Amino acid sequence: AGQCAFTTIYPGWYQGRATHIHVDVLVNGQRVKSTQMAFPEDVSAQVYAQGVYAPKGQNTTTNARDNVFSDGTSTEMATVTGSAATGYTAAL
């Protein structure tokens, strides 16, 4: 039906990239689309200030400075609801 759902932890980050998840769409075993899901920086900041994320600190690369998202995130930005205490739901 053109939809999927999955459960994951909140993604971590690495130097030079904004917070993201890679997404591939397969049809009959063939990749027809590769993209990435971006996350709102305010949500990432809340997550990275807590628990196991806190020792690494905040992501130093913003969406605007990311080499993939620098052209904009209008079609790749997740809509995130919830909280660090209760869990998040992201939709794209």
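Everything numeric in this text was worked out from a predicted model, so none of it was measured.
Across all non-hydrogen atoms, the minimal contact from Asn63 to Ala18 is OD1-CB, 3.2 Å. Taking each heavy atom of Ala90 and Met37 in turn, the nearest pair found is CB-SD, 4.5 Å. The minimum heavy-atom distance linking Ala84 with Gln50 is given by the pair CB-NE2, 3.1 Å. Across all their heavy atoms, Gly16 and Asp66 have their closest contact at O-OD2, 4.1 Å.
For the side chain to side chain contact (heavy atoms under 4.5 Å, CB included) criterion with Arg17, the lone passing option out of Asn59, Thr61, Asn67 is Asn67.
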Could you please spell out the steps behind the side chain to side chain contact (heavy atoms under 4.5 Å, CB included) verdict for Tyr88 and Val43?
CA-CA 9 Å; Tyr88 292 102; Val43 174; 3.7 Å; yes

Pair Tyr10, Ser44 - check side chain to side chain donor-acceptor pair (under 3.5 Å), show working.
CA-CA 9 Å; Tyr10 199 87; Ser44 294; 2.7 Å; yes

Derivation and outcome, side chain to side chain contact (heavy atoms under 4.5 Å, CB included), residues Glu76 and Phe69:
CA-CA 8 Å; Glu76 299 160 316; Phe69 300 135; 3.4 Å; yes

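A perpendicular orientation is assigned to the rings of His20 and Tyr14, their planes being inclined by more than 60° (bins at 30° and 60°).
Looking at Arg65 and Ser70, their side chains never come closer than 4.5 Å, going by heavy atoms from C-beta outward. Contact check for Gln36 versus Ile21: no side-chain heavy atoms found under the 4.5 Å cut-off. In this structure, Val80 and Phe39 have side chains that are in contact, with non-hydrogen atoms separated by less than 4.5 Å.
In this structure, Met77 is not a member of the same hydrophobic cluster as Val25, with clusters built from ILVMFWY side-chain heavy atoms closer than 4.5 Å. Note on Val52: it clusters hydrophobically with Ile9, by side-chain heavy-atom contacts below 4.5 Å among ILVMFWY residues.
Between atom CG of residue Asp24 and atom CD of residue Gln30 there is a gap of 12.5 Å, rounded to the nearest 0.5 Å. To the nearest 0.5 Å, atoms CD (Gln46) and CD (Glu41) are separated by 12.5 Å. Rounding to the nearest 0.5 Å places OH of Tyr53 at 13.5 Å from CH2 of Trp13.
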